[in-house]
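Remember, it's 1-based here, ligands and their atoms both numbered in the order they're listed.
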Amino acid sequence: MHEDAIAAFAPATVANVGAGFDILGFALHQPGDIVVARFNQVGTVRITQLTGNSSKLPREASLNTAGVAVIKLLEHLSIRQGIDLELHKRMPLGSGLGSSAASAVAAVVAANALLGSPLKKIDLLPFAMEGERVACGAAHADNAAPSLLGGFVLIRSYAPLDVVELNTPERLYAVVVHPHIEVKTQDARDILKKTLLLKDAIVQWGNIAGLVAGLMKSDYALIGRSLSDVIVEPVRAILIPGFSDVKAAALRAGALGCSISGSGPSVFALVCDARIAETVAQAMQDAFAEQGISSDRYISKINQEGAYVLPYSQYAAL
Ligand code: HSE
């Protein structure tokens, strides 16, 4: 890679975080995607290379989450310059780890840097969200915002977009277990009920407020009590064999709370000690194994940095 090419990394994320469907998410350190952007002479955006877990991804830029995000960014800036993108897919697809968001975020961060950084990081979010629209039909921001910004992020409003960065309690760890089954976000959204009961809404908004308060006050017990989703999780649990056993195992092993990561099938738990994180991860993996399902695990402090431009030395070493 030379000066005319810029690489960026964007991390995996856990969206929803229990009760916060489409409005809450946080970033992990790994896995994540890398996108390399360079100018071309053809005046359009092209996906010139796909590596890693990319066999099912469209090469056509207008259909690819990374490609669309950069097309929308260039349109916004009224720039006719073409850009080639290499997408190095280092995370599983359909995993509930925000794979499509990571690609879109890495792409806009790389392209923006290549263009001389005309936009601030936060202002790249709407373009990354367009990537989500092609990926699953909804321009939700609860993966893209934390992947871009790091930390816990609240989407207070979509129209207008109002993104609030929250506090991360010092001792918090995330455990994410990815069972080797695939759930498409669009399918996991299509099965959701379109209306809900007021009594369920009351429980849900109590938990969202409780979780945000728990994060701001570093109150681990409150975070644990608030990690409960009575609206989306009960419906989506049917897509994840053994989900209730996995959750029970995580709680027995000392997790503060446990729920589905994004649209699943990954399941996450929050814990407040590195040693307990190992025990919780093992218990969750064992519970999936009981169902005959193998899995990967990621244990991570909450990533506070989000996406970043990779120096050449780091990129070359990867
Ligand atoms: N909030 C989105 C959903 C996240 O649950 O469908 C998808 O990863």
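The aromatic rings of His76 and Phe127 are tilted relative to each other, their planes meeting at an angle between 30° and 60°.
For Ser103 (side chain) and Ala66 (main-chain N/O), no donor-acceptor pair under 3.5 Å exists by modelled atom type.
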Hey, what polar pairs (N/O, under 3.5 Å) does ligand 1 make with protein?
| unit_1 | atom_1 | unit_2 | atom_2 | d |
| --- | --- | --- | --- | --- |
| ligand 1 | 1 (N) | Asn16 | OD1 | 2.8 |
| ligand 1 | 1 (N) | Asp22 | OD1 | 2.5 |
| ligand 1 | 1 (N) | Asp142 | OD1 | 3.3 |
| ligand 1 | 1 (N) | Asp142 | OD2 | 2.7 |
| ligand 1 | 5 (O) | Asn16 | ND2 | 2.8 |
| ligand 1 | 5 (O) | Arg236 | NH1 | 2.7 |
| ligand 1 | 5 (O) | Arg236 | NH2 | 3.4 |
| ligand 1 | 6 (O) | Arg189 | NH1 | 2.7 |
| ligand 1 | 6 (O) | Arg236 | NH2 | 2.9 |
| ligand 1 | 8 (O) | Asn143 | OD1 | 2.9 |

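Lys301 forms a cation-pi arrangement with Tyr173, by the criterion of a distance under 6.0 Å to the ring centre and an angle within 45° of the ring axis.
For the ring-ring contact (aromatic ring centres under 6.0 Å, His included) test, residues two or more places apart in sequence or in another chain that qualify with His178 are His180. For Ala248, the side chain to side chain contact (heavy atoms under 4.5 Å, CB included) criterion is met by Arg252, not counting sequence neighbours.
Listed by first and then second residue, the ring pair (Phe, Tyr, Trp, His ring centres under 6.0 Å) pairs involving residues 33-55 amount to none (not counting sequence neighbours).
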